[in-house]
Trainee: 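Dropping the structure in here first, questions after.
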Amino acid sequence: MTSVGRTRGALIVFEGGDRCGKTTQCGKLVERLQSQGVDACMWRFPDRSTAIGQAINAYLAEHSSMDDAVIHMLFVANRLEKREEMLQLLAGGTTLVLDRYSYSGVAYTAAKGVPHLSLEYCKSLEVVLPAADLVLHMSMTAEATAARGGYGEERYEKVDFQRKVMEIFGALRDDRWAVVDASSTIEAIHEQVVATVMPVVERARGGAPLGRLWD
Ligand code: NYM
């Protein structure tokens, strides 16, 4: 993907298992960025507000069941329907902080171990989307997240499955990923996140090109 100019926003993504504290950290990061004069906003994937997102929500709440390939496609479509808006915001200088993205998409589906839904196949469906400038991997054991409040309310919140998801996140890491110890305190994590994010925001502002997923 080509550079979108000298003032583009950064694409910052939080990833990790369920109940690892991503949403709290996304909110705190956006507040901090804004307080430092950085134009920033937070999105979550799945975006449960769209028609596709509502179908995903029903599936996650176990109010409906779906073929694994179909639900995977819905998660992908839920990102693709936001692609244009995402690119426009970034090009206009807004830093986007995402609570999950395509990395969750491929990790959760590949963790199911369905032969025709391999990691490579899942990746291939999203190559038209921008890559994150930075993925903050909130790392924690599956057992530790299971002890947190609300765990088990949604599909996928099972220790064995989460362990597989975490293994796949580990295999996806490259030099754009930073690992954060999610078992630390909210404030300690936040300070580590801010220190990691600021140089990335500066690089994007300075014209570092936006990448394409999996390149
Ligand atoms: N999830 C999320 C997927 O299976 N595929 C995806 O592409 C995305 C973005 O949905 N268990 C799963 C991961 C989580 C759930 O939960 C969303 P939350 O608490 O809203 O992040």
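For the single chain, residues carry numbers from 1 onward in sequence order. Basis for what follows: all heavy atoms, side chains included, without hydrogens, waters or symmetry-related copies. Just so you know, ligand 1 is whichever comes first in the structure, and atom 1 is the first atom listed for that ligand.
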Trainee: Mind listing the N or O contacts between ligand 1 and protein, cut-off under 3.5 Å?
Mentor:
| unit_1 | atom_1 | unit_2 | atom_2 | d |
| --- | --- | --- | --- | --- |
| ligand 1 | 7 (O) | Arg79 | NH1 | 2.8 |
| ligand 1 | 7 (O) | Arg79 | NH2 | 3.2 |
| ligand 1 | 7 (O) | Gly105 | N | 3.4 |
| ligand 1 | 11 (N) | Asp18 | OD1 | 3.2 |
| ligand 1 | 11 (N) | Asp18 | OD2 | 2.7 |
| ligand 1 | 20 (O) | Arg44 | NH2 | 3.2 |
| ligand 1 | 20 (O) | Arg48 | NH2 | 2.9 |
| ligand 1 | 21 (O) | Arg100 | NE | 2.7 |

Trainee: Can the positive tip of Arg100 be found less than 6.0 Å from the middle of the six-membered ring of Phe14, inside 45° of the ring normal?
Mentor: no
Trainee: In chain order, what residues pass the ring-ring contact (aromatic ring centres under 6.0 Å, His included) check against Tyr108, with sequence neighbours excluded?
Mentor: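 Tyr108 satisfies ring-ring contact (aromatic ring centres under 6.0 Å, His included) with Tyr156 once adjacent residues are dropped.
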Trainee: Could you list the residues that satisfy salt bridge (Lys or Arg N to Asp or Glu O under 4.0 Å) with Lys164, not counting sequence neighbours?
Mentor: none
Trainee: With a cutoff of under 4.5 Å between side-chain heavy atoms, which Ile, Leu, Val, Met, Phe, Trp and Tyr residues group with Met140?
Mentor: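 Joined to Met140, directly or through intermediates: none.
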Trainee: Does one side chain, of Glu81 or Thr50, offer a donor that lies under 3.5 Å from an acceptor on the other?
Mentor: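 There is such a pair (donor and acceptor under 3.5 Å, judged by atom type) between the side chains of Glu81 and Thr50.
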Trainee: Tell me if the centroids of the rings in Trp43 and Tyr101 come within less than 6.0 Å of each other.
Mentor: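 When the ring centroids of Trp43 and Tyr101 are compared, they turn out to be at least 6.0 Å apart.
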